[in-house]
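One structure is given below, encoded as structure tokens.
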Amino acid sequence: MSDIAPDIAEVIAEPDPRAHASRLLAWYDRHRRDLPWRAAPGERADPYRVWLSEIMLQQTTVVTVGGYFDAFLRRWPTVRDLAAAPLDSVLHAWQGLGYYARARNLHACAQAVVERHGGVFPDDLEALNALPGVGGYTAAAIAAIAFDRQASAVDGNVERVIARLHALETPLPDVKPAIRILAERLVPATRPGDYAQAMMDLGATVCTPRAPRCVLCPLIDMCAGRRLGVAEVLPRRRAKPARPVRQGIAFLLRARDGSVLLRRRPPSGLLGGMIEVPSSPWREGELDRADCLAAAPLPADWQPLPGIVRHVFTHFELRLEVVVARAPTTTGMAEDAADWQWCAVDRLDEMALPTVMKKVLTHGLKALT
DNA sequence: CAGTCGTGGCG
DNA sequence: TCGCCAAGACT
């Protein structure tokens, strides 16, 4: 913590930090965006919608979330509806959004709200933070936005705004504790919910990662980053490690009736609980085809398809070759295991398929027809 | 605590 | 094409 002392000393030396709250709120009132989960001005937001949107918005853009939010709300209008749903239906509805642990936690959280809190979201930080999938940021965001509590919600937008406002040169993530302290000092007693949203909107539309529109910023004359000409390059980040490449072979097995062999992945970890085309392990380094083929779900005349499927995850890149074979019958060794299933091609849309597996199926089925 | 965990858009 | 990174949480 000693290395953050200079940053904090700097902000304490800044002129009265209260002024920006009223300016920011005035800006927010003029530029307020209409978002599906946002209440009308002056009205109280529905905690269920706030929570659902915040979970979906974790590391995900507003544009991407839009359609998913509407679909979820239509299908599960209340937290009790969501709690009563089968997990697989939630995973299916979540397909394509990524970070599938969020969907598992979403379901667990809905059940916790019903069981611990009688189906009513708690309004205090501690109880919110104890819910599955709700961390420090999301607890504060719900408390502020849904209950207008004086909570400091620090997401990536706010980190950027604060880092620029105070010209913090310490790179992320080391500077996080300092930002948290600074952000907390700035939360106003009046309209803390609107303030939280205003800070995030400012970061999303004005104080953007690249090419910030400083001339439109209501805080321009109190921004040290702007004054020093470093706003655009802040916050700094520690260099990220290179993304390794993992390779493997996916096995597209088709039965006589045209159905495809699929399996459910283990309930946690990468793509946890989602449906996949069976494949060899994904390994770094040279692709050993013979070794991979030994991992086939059954011995068959596996035919390689031209081309590969490439998919980029957060911490590695995946390259899959696709091999195809005909199964003699839809019965056999694969069927007695609970995680395996045959699926007709025209019913693939009922499966909880992550995007990488949709790519594999598209690639494989295109070559087959 | 550093690593794990998706995906799409944009410059 | 490629790297960046988005309303982070969990282990």
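If you're wondering where the values come from, they're calculated on a predicted model, not measured in any experiment. A note on names: the letters A, B, ... follow the listed sequences, proteins ahead of strands, and every chain is numbered from 1.
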*Under a 4.0 Å N-O cut-off, is there an ion pair linking K176(A) with E159(A)?*
yes

*Short side-chain to backbone donor-acceptor contact, Q247(A) and E284(A), under 3.5 Å*: no

*Provide, to the nearest angstrom, the distance between the NZ atom belonging to K176(A) and the C1' atom belonging to dA2(B).*
13 Å

*asked:* Whole angstroms only, please: what is the CG-P distance between N157(A) and dC4(C)?
replied: 19 Å

*OP1 or OP2 of dC5(C) sitting under 4.0 Å from any side-chain N/O of R237(A)?*
yes

*With a 4.0 Å heavy-atom cut-off, tell me which residues in residues 192-212 of chain A come close to DNA chain B, sorted by residue number.*
R210(A)

*Quick one: list whatever passes ring pair (Phe, Tyr, Trp, His ring centres under 6.0 Å) with F251(A), sequence neighbours left out.*
W302(A)

*Looking only at atom P, what distance separates dT4(B) and dA7(C), rounded to whole Å?*
24 Å

*asked:* Applying salt bridge (charged side-chain N to carboxylate O under 4.0 Å, His left out), can you list everything that pairs with R74(A), at least two apart in sequence or on another chain?
replied: none

*Under 4.0 Å between a Lys/Arg side-chain N and an Asp/Glu carboxylate O for E276(A) and R265(A)?*
yes

_E169(A) and L234(A), any side-chain heavy atoms less than 4.5 Å apart_ = yes

*Are M222(A) and L186(A) grouped together when hydrophobic residues (ILVMFWY) are joined by side-chain heavy atoms under 4.5 angstrom apart?*
yes

_With sequence neighbours excluded, residues passing salt bridge (charged side-chain N to carboxylate O under 4.0 Å, His left out) with R237(A)_ = none

Short heteroatom pairs, N/O only, protein and nucleotides 3-5 of chain B, under 3.5 Å:
| from | atom 1 | to | atom 2 | distance (Å) |
| --- | --- | --- | --- | --- |
| dC5(B) | OP1 | L270(A) | N | 3.2 |
| dC5(B) | OP2 | H315(A) | NE2 | 2.8 |

_Going by salt bridge (charged side-chain N to carboxylate O under 4.0 Å, His left out), name the residues that satisfy it together with R49(A), two or more places apart in sequence or in a different chain._
D46(A)

*For R236(A) and dC5(C), what is the distance between atoms CZ and P respectively, to the nearest whole Å?*
13 Å

*Separation of atom CZ in R180(A) from atom C1' in dA9(C), rounded to whole Å*: 13 Å

_Residues in salt bridge (charged side-chain N to carboxylate O under 4.0 Å, His left out) contact with D29(A), at least two apart in sequence or another chain_ = R191(A)

*asked:* With the threshold set at under 4.0 Å for non-hydrogen atoms, list the residues of residues 31-39 of chain A touching DNA chain C in residue-number order.
replied: R33(A), L35(A), W37(A), R38(A)

_Atom-to-atom span, CZ of F313(A) to C1' of dG3(C) - whole angstrom_ = 18 Å

*Interface residues of residues 134-146 of chain A with DNA chain C (non-hydrogen, below 4.0 angstrom)*: V134(A), G135(A), G136(A), Y137(A), T138(A)

_If you assign each of L131(A) and S53(A) to its closest nucleotide in DNA chain C, which residue comes earlier from the 5' end?_
S53(A)

*asked:* Taking the basic N atoms (NZ, or NE/NH1/NH2) and the acidic carboxylate oxygens, is any pair closer than 4.0 Å for D291(A) and R283(A)?
replied: yes

_For DNA chain B, which residues of residues 55-70 of chain A approach it to below 4.0 angstrom with any heavy atom?_
Q59(A), T60(A)

*Please work out if P354(A) contacts a base, only the sugar-phosphate, or nothing of the nucleic acid, heavy-atom cut-off 4.0 Å.*
sugar-phosphate

_According to side chain to side chain donor-acceptor pair (under 3.5 Å), does anything in residues 75-84 of chain A pair up with another residue at least two apart or in another chain? List the pairs._
T78(A)-D81(A)

*Take F313(A) and H311(A) through the ring-ring contact (aromatic ring centres under 6.0 Å, His included) test and state the conclusion after the steps.*
CA-CA 7 Å; F313(A) 291 93; H311(A) 190 77; 4.8 Å; yes

_Any side-chain N or O of H311(A) below 4.0 angstrom from OP1/OP2 of dG6(B)?_
no

_Salt bridge flag under 4.0 Å for residues R38(A) and D201(A)_ = yes

_Rounded distance in Å - CD (E317(A)) to P (dT7(B))_ = 14 Å

*Atom C1', compared across dT11(C) and dC1(B): separation rounded to whole Å*: 10 Å

*asked:* Between D301(A) and Q303(A), do the side chains contain a donor N or O and an acceptor N or O under 3.5 Å apart?
replied: yes

*OP1 or OP2 of dC2(C) less than 4.0 angstrom from a side-chain nitrogen or oxygen of R243(A), does that happen here?*
no

*asked:* Quick one about R102(A) and N105(A) (side-chain donor to acceptor, distance below 3.5 Å, no hydrogens or angles considered), yes or no?
replied: no

_Euclidean distance, atom CG of residue L52(A) to atom C1' of dG8(C) [Å, nearest integer]_ = 16 Å

Please tabulate, one pair per line, all N/O donor-acceptor pairs under 3.5 Å involving side-chain atoms of residues 85-95 of chain A, not counting sequence neighbours.
| from | atom 1 | to | atom 2 | distance (Å) |
| --- | --- | --- | --- | --- |
| D88(A) | OD1 | R264(A) | NH1 | 3.0 |
| D88(A) | OD1 | R264(A) | NH2 | 2.9 |
| S89(A) | OG | P86(A) | O | 2.6 |
| H92(A) | NE2 | Q95(A) | NE2 | 3.2 |
| H92(A) | NE2 | D349(A) | O | 2.6 |
| W94(A) | NE1 | G98(A) | O | 2.9 |
| Q95(A) | OE1 | L353(A) | N | 3.1 |
| Q95(A) | NE2 | H92(A) | O | 3.4 |

*To the nearest angstrom, how far is N105(A) atom CG from dG6(B) atom C1'?*
15 Å

